[in-house]
Amino acid sequence: MARVLGTEGWRLGWCLFLEWARREEEQAEGDGVVAGWPRRREKTARPVASLGILGAWLQPGMAESTEVRKLVYLVTGGCGFLGEHVVRMLLQREPRLSELRVFDLHLGPWLEELKTGPVQVTAIQGDVTQAHEVAAAVAGAHVVIHAAGLVDVFGRASPKTIHEVNVQGTKNVIEACVQTGTRFLVYTSSMEVVGPNIKGHPFYRGNEDTPYEAVHKHPYPCSKAQAERLVLEANGREVRGGLPLVTCALRPTGIYGEGHQIMRDFYHQGLRLGGRLFRAIPASVEHGRVYVGNVAWMHVLVARELERRAALVGGQVYFCYDESPYKSYEDFNMEFLGPCGLRLVETRLLAPYWLLMLLAVLNALLQWLLRPLLLYAPLLNPYTLAVANTTFTVSTDKAQRHFGYEPLFSWEDSRTRTIRWVRAMEGSAQ
Ligand SMILES: NC(=O)c1ccc[n+]([C@@H]2O[C@H](COP(=O)([O-])OP(=O)(O)OC[C@H]3O[C@@H](n4cnc5c(N)ncnc54)[C@H](O)[C@@H]3O)[C@@H](O)[C@H]2O)c1
Ligand SMILES: C[C@@H](CO)CCC[C@@H](C)[C@H]1CC[C@H]2[C@@H]3[C@H](O)C=C4C[C@@H](O)CC[C@]4(C)[C@H]3CC[C@]12C
């Protein structure tokens, strides 16, 4: 009996010691905060009955796996082109994730397949313009990646709607963070908050500090610039609980990759034109492009580092970049559409710039005239022509210096993946 008691006593003593050590460790990490993250009550049980309590503690890796998954992330616009890649990237590359909330006006059916993994995926159908819906989704999240937006340079939506979604929606996200105590906010901005400007000034291999006259007229870049400013100004605001909000903005150039709607449109247009696309923009005009997987990776990385490097990263903007080559918009598209059977026909003599501008203005006029009857929103309008026809490329390493970003996908990978995706459309294209 004495011996049994002795064994039990030893076991109890060992368990108490381990428990004490665990609490000491937690205490050292911060009072109710794990390295700056609000502590979340663990749902994980003390497992492994066969080995007893001691066995549970001693199982290799167990302590990490129960301790590690504690973060709640919210991705707004998580069912969009970029948002889906961010969601998938988080599930693959953020080991501390316990719950991923995907907030979108339109939820994708593909979300269902994600619900079987170790991370709780919560789909939330909601509208960023509705403050109460946003606040409910944000409550209890540690990090918000705000990628929802109305991307419209074709005149499909009214300027008012673009403003409501992109500016008011962002205000709602910021206020929700402040009210509910969420400390980390990453905003998906755009190269267009800088340019190209309406004067057509080139931005050649510029970085975040390159002086440039940012003049906006179009509702989309205006709204993105306003929203970005709001996010950056919110950095340092006190959130519920008394700690400061840490924000930053990522500015992708033209994103490409699996799911890119405009690439899809060009592909289908090429098929309709008998496998041809017609060059409209001089090959010498460089347009910045970045692979969607790398943009998603940048979001995941910066979100992770916002807390650890708050002083450095908070309030900063970062262009999104990778190894994608500098080319004209059309030549770049041909990197994918070419291997899928389309060819780019040179028409510079047939379609000089003045003629293109005339067509673009005509399109705008038609859009305005037809608006009461139908929505006419072709790809070519004066704004898209100006963007496509003005050099805008970035060359920077700020994200690498500040939070250790390196592209996850090489140019070859990005190209291969995009071509594979276009090829997969072939069957459904006709
Ligand atoms: N596509 C690009 O080349 C590019 C370049 C730079 C920046 N961006 C930015 O990246 C973000 C994502 O763009 P994308 O290309 O994936 O566009 P997208 O249209 O594919 O995705 C946007 C998502 O936001 C959702 N959304 C729109 N209005 C909403 C609302 N009121 N409430 C909730 N959700 C709403 C949409 O349903 C969609 O799923 C945007 O903020 C955009 O400004 C895109
Ligand atoms: C003149 C046409 C003949 O082929 C080509 C028109 C191409 C345009 C439709 C696109 C050229 C540049 C694109 C934009 C750019 O890549 C960056 C953007 C920023 C982002 O925040 C939203 C999308 C976009 C505005 C993108 C839209 C399409 C282009 C204007």
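Along the sequence shown, residues carry numbers from 1. Note that the structure is predicted; figures quoted are calculated from it, not measured. Read the numbers this way: they start at 1 and go in the same order the structure lists the ligands and their atoms.
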Mark up the atoms of ligand 1 that fall under 4.0 Å of a heavy atom belonging to Thr253, in ascending order.
5 (C), 6 (C)
Can you check whether Leu150 has an N/O within less than 3.5 Å of an N/O in ligand 1?
no
What atoms of ligand 1 come within less than 4.0 Å of a heavy atom belonging to His106?
37 (O)
Near Thr188, which atoms of ligand 1 are under 4.0 Å from a heavy atom of that residue?
9 (C), 10 (O), 11 (C), 41 (O)
Taking 4.0 Å as the limit for heavy-atom contacts, which would you say applies to Ala147 with ligand 1: side chain only, backbone only, both, or neither?
backbone
Is Arg240 atom CZ crowded by more than 12 heavy atoms from other residues, nucleotides or ligands, each under 6.0 Å away?
no
Can you say whether the rings of His260 and Phe81 are parallel (under 30°), tilted (30 to 60°) or perpendicular (over 60°)?
parallel
Would you mind checking if Arg101 and Glu99 are paired as a salt bridge, meaning a charged N to carboxylate O distance below 4.0 Å?
yes
Taken in chain and number order and not counting sequence neighbours, the residues that satisfy salt bridge (Lys or Arg N to Asp or Glu O under 4.0 Å) with Arg343 are none
Test: Lys224 and Glu228 ion pair at under 4.0 Å:
no
Counting both backbone and side chain atoms, is some N or O of Gly80 under 3.5 Å from an N or O of ligand 1?
yes
Closest to atom 18 (P) of ligand 1 among protein heavy atoms sits Phe81 N, 4.0 Å
At a 4.0 Å cut-off, with the gap strictly under it, does some heavy atom of Gly169 reach an atom of ligand 1?
no
List the closest protein heavy-atom neighbour of atom 34 (N) of ligand 1: residue, atom name, distance to the nearest 0.1 Å.
Leu105 N, 3.3 Å
Considering only heavy atoms of Asp127, which atoms of ligand 1 have at least one such atom less than 4.0 Å away?
30 (C), 31 (N), 32 (N)
If you scan protein heavy atoms around atom 3 (O) of ligand 1, the nearest is Ile255 N, 3.0 Å
Classify the ring geometry of His287 against Tyr329: parallel below 30°, tilted from 30° to 60°, perpendicular beyond 60°.
perpendicular
State which residue, out of His299, Arg251, His146, fulfils the side-chain hydrogen bond (donor to acceptor under 3.5 Å, both in side chains) condition with Thr188.
His299
Is the distance between the ring centroids of His142 and Phe184 under 6.0 Å?
no
Of all protein heavy atoms, the one nearest atom 32 (N) of ligand 1 is Val128 N, 2.9 Å
How does Tyr187 reach ligand 1, if at all, at less than 4.0 Å between non-hydrogen atoms: by side chain, backbone, both, or neither?
neither
Of the backbone atoms (N, CA, C, O) and the side-chain heavy atoms from C-beta on, which set of Arg251 has a member under 4.0 Å from an atom of ligand 1: side chain, backbone, both, or neither?
neither
I'd like to know if Glu412 pairs up with Arg417 as an ion pair, taking the criterion as any Lys NZ or Arg NE/NH1/NH2 lying under 4.0 Å from an Asp or Glu carboxylate oxygen.
no
Just jot down the salt bridge (Lys or Arg N to Asp or Glu O under 4.0 Å) partners of Glu335, sequence neighbours excluded, or say none.
Lys327, Arg415
Do Glu94 and Arg304 meet the salt-bridge criterion of a basic N to acidic O distance under 4.0 Å?
yes
Does Thr384 reach the main-chain N or O of Asn381 with its side chain, forming a donor-acceptor pair under 3.5 Å?
yes
Contact between ligand 1 and Val165 is defined here as a heavy atom of the residue under 4.0 Å from a ligand atom; is it met?
yes
If the contact criterion is a heavy-atom separation under 4.0 Å, does Ser189 count as touching ligand 1?
yes
Subset of ligand 1 atoms that lie under 4.0 Å from at least one heavy atom of Leu82
10 (O), 16 (O)
Among Val102, Asp104, Ile162, which one puts a heavy atom closest to atom 39 (O) of ligand 1?
Asp104
Option whose closest heavy atom lies nearest to atom 24 (O) of ligand 1, chosen from Gly149, Cys320, Gly126
Gly149
Which residue and atom name correspond to the protein heavy atom nearest atom 43 (O) of ligand 1, and how close is it?
Tyr220 OH, 2.6 Å
Could you check whether the rings of Tyr405 and Phe403 sit parallel, tilted or perpendicular, using 30° and 60° as the cut-offs?
tilted
Is the closest basic N to carboxylate O distance between Glu346 and Arg279 below 4.0 Å?
yes
In ligand 1, the atoms that come under 4.0 Å of a heavy atom of Cys79 are 39 (O)
Present, as a list of atom pairs with distances to 0.1 Å, all nitrogen or oxygen contacts under 3.5 Å between ligand 2 and the protein.
residue: ligand 2; atom: 4 (O); partner: Glu330; partner atom: OE2; Å: 2.7
residue: ligand 2; atom: 16 (O); partner: His287; partner atom: NE2; Å: 2.7
residue: ligand 2; atom: 21 (O); partner: Ser190; partner atom: OG; Å: 2.7
residue: ligand 2; atom: 21 (O); partner: Tyr220; partner atom: OH; Å: 2.5

For Trp411 together with Phe332, are the ring centres under 6.0 Å from each other?
yes
Which of these, Val151, Asn172, Leu250, has its nearest heavy atom closest to atom 19 (O) of ligand 1?
Val151
For Pro252, counting its heavy atoms only, list the atoms of ligand 1 lying under 4.0 Å from any of them.
6 (C), 7 (C)
Please state whether Tyr256 comes within less than 4.0 angstrom of ligand 1, counting heavy atoms only.
no
Considering residues, nucleotides and ligands other than Trp110, do more than 12 of their heavy atoms fall under 6.0 Å from its CH2?
yes
Set of salt bridge (Lys or Arg N to Asp or Glu O under 4.0 Å) partners for Arg93, sequence neighbours left out:
none
Between Lys160 and Glu164, is the closest basic N to carboxylate O distance under 4.0 Å?
yes
So which heavy atom in the protein is nearest atom 41 (O) of ligand 1, and how far is it from that ligand atom?
Lys224 NZ, 2.7 Å
